[in-house]
Amino acid sequence: MTAYVAKRLVQAVPTLLGVVVLVFFFVRALPGDPARLYVGTDADLATVEAARRQFGLDRSLPEQFVFYVRGLAEGNLGRSFRARMPASQVIARHFRATLVLASIAVSVATVLGVALGVAAALRRGSLVDLGITSASILGISTPSFFLGILLIYLFAVEWRVLPVAGSVSPRGLVLPAATLAAAGLGTIARFARSSLLETLGNDYIRTAYAKGLASGRVIGKHAIRNALIPVVTIIGLQFGFLLSGTVIVETVFNFHGLGWLLIQSIESRDYPVIQGLLLVFALQFVLINLLIDMLYAAIDPRISYA
Amino acid sequence: MMVRLRRLTCVALCSLALASGVALAQDTVRIAQSLAQNILSPAEATGLPDATVIRTMFEGLVGFTDGVLVPELASDWSANDDATAFTFTLRSGVTFHDGTPFDAQAVKDYYEWVMDPNSRGARGRSLLSSMQRVEVLAPDQVRIHLSQPNGAFIYLLATSNARIVSPAAIAAFGEELSKNPVGTGPFRFVSWDEGQRIVVERNPDYWGAPAQVERLEFLVVTNAATRVAMLQSGEVHFIESLPPQLAPTVAGTPGLEVLSTPANFLRILQFNTTKEPFGDVRVRQALNHAIDKDVLVEVVFGGNATVMTSPIPATAFGHAEQPAYAYDPERARALLADAGYANGFEVKVLTFTGDEYRTAGQVLQQMFAEVGVRLVLDQQERGALVEQIFKPVDENPTQAALVGASASTGDADLALTVSFARASFPPAANNWSFYQNDRVEELILAGRQTGDPAERAAIYAEAQAIIWQDAPWVFLYSPNTIAGRSLAVVGVENAPDNTIDARRAAFR
């Protein structure tokens, strides 16, 4: 197992290196001068030049690249142009916010989504199934900005029980987490339902029933475990997307997470932060994919990476 | 028993908190800004969000209140006849927030730091570049000598970039000065959660009328609809950058009001006069006659803007009203025909993304079409637009641009210089029209040779008349600064430089 993890991590290195090179040149190919944007359109040339020197953008592109890669080797992402502190510090602060939000949203979506999906599958064709399926589709297809604004209007403006702003207090997490959970919940419920139905149609389930096992044991021990595998994949991917920051929900709720930071950094052409963020996103997906594969093995004893 | 009592109190308090929405303590005024603050060191600060916060903690020798030049740390000042030396009498008994006394030596030390090419105060340095040396005459008297006459210098000293920092703080914090603001203002620094929130509190030792609230909080809320919701929910008391289309929502909410204030800003369609057909003054004048500016203002701003009457904002010192370019498509067509464009032409207009610019662009498009000019709107993200528009003349592909201009010092000198002087051709400054006129150059110089307001006003009036005739821009409108405010609060106002003045904040 350890050897497998090590191998997977080594395999990820070329991917990450590719991201480093691509992103470095990509951000610099964008039109827009970070120094000019930083000092403002009414600053004189000397001020622009001073900022450019301060950012190290007066050096040649190869020099900048070597400087950046050398920094990375030492675990240094460079200094944020805008926030004037190490980019890693800026990213870490917003990462914590996003991690909390994404974890809450995914946990809620997983627990409710799996429960509803299983309930729908077990009562296939009933009103319960119809209700859950319709609600799931509604959750998936309601744009998050709309749901977000609706929740804000009801809970913050009309009833005044929760704040609009997500970042200021823990109570602020409720509405954005609910908005994010709604979409994930729908997807997870749909997958759980169809996966469980598919599993229930298998021969070994029929065998289990035939040998007289109680329905609870058949479903609990044989069906759900197998049905969970595609669901775990979906949950993992959802978590990955949420961890990369959810630009729209973060904007609507003024939640200062990674999505918000990415937009701010692109607008101000804060190269070190953009580079760092994209690297973090790539790393997150590598790790989450690895984690999902590990979970497969844990759920299904036939899967082994030894 | 104790436990239960405590629990009961908590329940009572919590429900109280719920009942009153989220606006809890009556000692903190919360303000939502639309952009993140970058720097809290005045000489380095770049943007409007910075200036809003800096105003609460720092003061200049002079400053602006409600757009009027007023004494701040200097109780009195005078200029010599040729505007090369300004003498200030300082207030006594003033100390910085760190306890350092404010006196003539502090003024000298601070401005010498700003002028030092190795210091971080590049913005202040370029703004005050005519400052040569600072002379201490007495502990409460200081004289600033200029390298060349500059009658507008007092306006430069009144800007946010010229506000004074404790020299002791500069020595103590060095590179970290921006994160440790120490001034003399009515509020002092508490905390800065970068990109999120800045908190300042009442300065108990303030020399003037003390602040009327304990604390101010500046929150960064980039989305306009979210700002409005936060104002409606009571989470904040004041929101800036209220889009005109959301103003009726705020005005219609009980307990809230809309503030619409004239500002030092302009919206213009600027022609690149080095590109055909805009080298011809008849074409430029024709397009000024082709626009019904009253309709434009109504459509884009619901009336929250004023039609321009001069090349500089009406709020700036020296503004002189010019005869309007009447809306007259006939005359526009005739002028175009005269210039050899009876069949019109096509023009690509560079502009920002965003509702205001798109709507304004579409209105111009329709009105230009009536005189045979086909306008193609080229909306670009800010960074890309700024890069294109700042290219030097032989590389600059821009034909025309629908952009903003301002008079950030509240004075004609800077407004005319940055937009119309030869020295301001891109990439140096904002003369994106590449406009040049020898008489205007002379007048701008002449305006600096004297400190006499009447003389300066007469000089600037002549310059404005020439530029108005030459029409390097289609002179459009001056948008008001629109904000939303809770009726629970007074004394938080729009300043004409598009910042917020929260120094006099108080609860009703």
Side-chain angles (χ1 to χ4, degrees), chain A residues 30-34 36-51 54 80-85 89-90 93-94 97 145 148-149 152-153 155-169 171-172 250-256 260-261 263-264 266-269, chain B residues 18-22 32 35-36 38-39 44 46-48 117 120 122-123 125-127 129 175-176 178-179 193-197 219-223 225-230 232-236 253 380-390 403-404 406 408 414 418 424 427-430:
Chain A
L30 288 176
D33 173 2
R36 168 58 79 182
L37 291 173
Y38 181 73
V39 298
T41 49
D42 55 347
D44 69 348
L45 268 184
T47 315
V48 179
E49 287 306 324
Q54 188 187 319
S80 161
F81 297 163
R82 199 173 53 83
R84 293 190 169 186
M85 47 170 101
Q89 232 171 308
V90 177
R93 279 190 27 205
H94 291 82
F145 69 86
I149 287 171
I152 286 179
Y153 178 73
F155 289 92
V157 176
E158 274 302 301
W159 303 328
R160 292 202 174 195
V161 288
L162 287 167
V164 176
S167 290
V168 179
S169 64
R171 291 203 308 145
E250 290 189 1
T251 304
V252 168
F253 289 100
N254 201 42
F255 188 88
H256 294 195
W260 186 87
L261 180 64
I263 296 288
Q264 295 288 310
I266 291 175
E267 279 177 0
S268 58
R269 304 291 191 273
Chain B
L18 283 180
S20 60
V22 192
L35 296 165
N38 287 334
I39 303 164
E44 249 188 290
T46 54
L48 300 176
R120 296 289 282 269
R123 277 301 288 262
R125 191 153 59 243
S126 79
L127 190 78
S129 56
E175 294 283 289
E176 295 299 308
S178 161
K179 303 261 171 13
D193 189 359
E194 201 275 321
Q196 199 125 291
R197 167 160 59 176
L219 302 170
V220 181
V221 186
T222 44
N223 184 29
T226 307
R227 283 197 298 280
V228 170
M230 288 175 74
Q232 289 180 312
S233 74
E235 278 161 78
V236 294
T253 307
Q380 296 266 348
E381 183 267 350
R382 183 179 147 79
L385 182 146
V386 167
E387 173 160 309
Q388 175 179 335
I389 207 168
F390 268 106
V403 289
S406 75
S408 53
L414 192 77
V418 297
S424 300
N430 313 145

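Below, chains carry the letters A, B, ... as their sequence lines are ordered, and counting in each starts from 1.
Considering only heavy-atom pairs separated by less than 4.5 Å from chain B, the leading option among A/Val48, A/Asp33, A/Val252 is A/Val252. Ranked by non-hydrogen atom pairs under 4.5 Å with chain A, the options B/Ala428, B/Gly47, B/Ser129 are led by B/Ala428. Between chain B and the residues A/Val90, A/Ile266, A/Leu30, A/Thr251, the most heavy-atom pairs under 4.5 angstrom are made by A/Thr251. With respect to chain A, the highest number of heavy-atom pairs below 4.5 Å among B/Arg125, B/Arg123, B/Gln232 belongs to B/Arg123.
Closest heavy-atom contact between A/Ala97 and A/His256: CB-O, 3.9 Å. Minimum interatomic distance between B/Ala122 and A/Ala50 (heavy atoms only, all atoms of both residues): CB-CB, 4.4 Å. Pairing each heavy atom of B/Gly195 with each of A/Trp260, the nearest pair is O-CH2, 3.4 Å. The minimum heavy-atom distance between A/Leu37 and B/Arg382, with the atom names listed, is CD2-NE, 4.1 Å. The minimum heavy-atom distance linking A/Ala165 with B/Met230 is given by the pair CB-CE, 3.5 Å.
Neither the backbone nor the side chain of B/Ile389 comes within contact range of chain A, judged by heavy atoms closer than 4.5 Å. Proximity to chain B (any heavy atom under 4.5 Å) is shown, for A/Tyr153, by neither the backbone nor the side chain. Residue contact with chain A, scored on non-hydrogen atoms closer than 4.5 Å, is absent for B/Gln388. At a 4.5 Å heavy-atom cutoff, the contact between A/Arg36 and chain B is made by side-chain atoms alone. Using a 4.5 Å cut-off between heavy atoms, A/Arg84 touches chain B through backbone and side chain atoms alike. In this structure, chain A has heavy atoms under 4.5 Å from both the backbone and the side chain of B/Val221. Residue A/Gln54 touches chain B through its side chain alone, counting heavy-atom pairs closer than 4.5 Å. Interface remark: B/Val236 contributes no atoms to any contact with chain A (heavy atom separation under 4.5 Å). Residue contact with chain A, scored on non-hydrogen atoms closer than 4.5 Å, is absent for B/Gln380. Proximity to chain A is absent for every atom of B/Ala429, based on heavy atoms less than 4.5 angstrom apart. Proximity to chain B (any heavy atom under 4.5 Å) is shown, for A/Ala83, by both the backbone and the side chain. In this structure, chain A has no heavy atom under 4.5 Å from any part of B/Ser424.
In summary, B/Glu381 and A/Arg269 engage in a salt bridge, as defined by a charged side-chain N under 4.0 Å from a carboxylate O.
Between A/Arg93 and B/Asp193 there is a side-chain heavy-atom pair separated by less than 4.5 Å.
Listed by chain and residue number, B/Pro49 satisfy the side chain to side chain contact (heavy atoms under 4.5 Å, CB included) test with B/Leu35 (two or more places apart in sequence, or in another chain). Judged as a side chain to side chain contact (heavy atoms under 4.5 Å, CB included), and not counting sequence neighbours, the contacts of B/Ala229 are A/Ile152, A/Val157, A/Val164.
If you take OG on A/Ser80 and CD on A/Gln264, they are separated by 11.0 Å, rounding to the nearest 0.5 Å.
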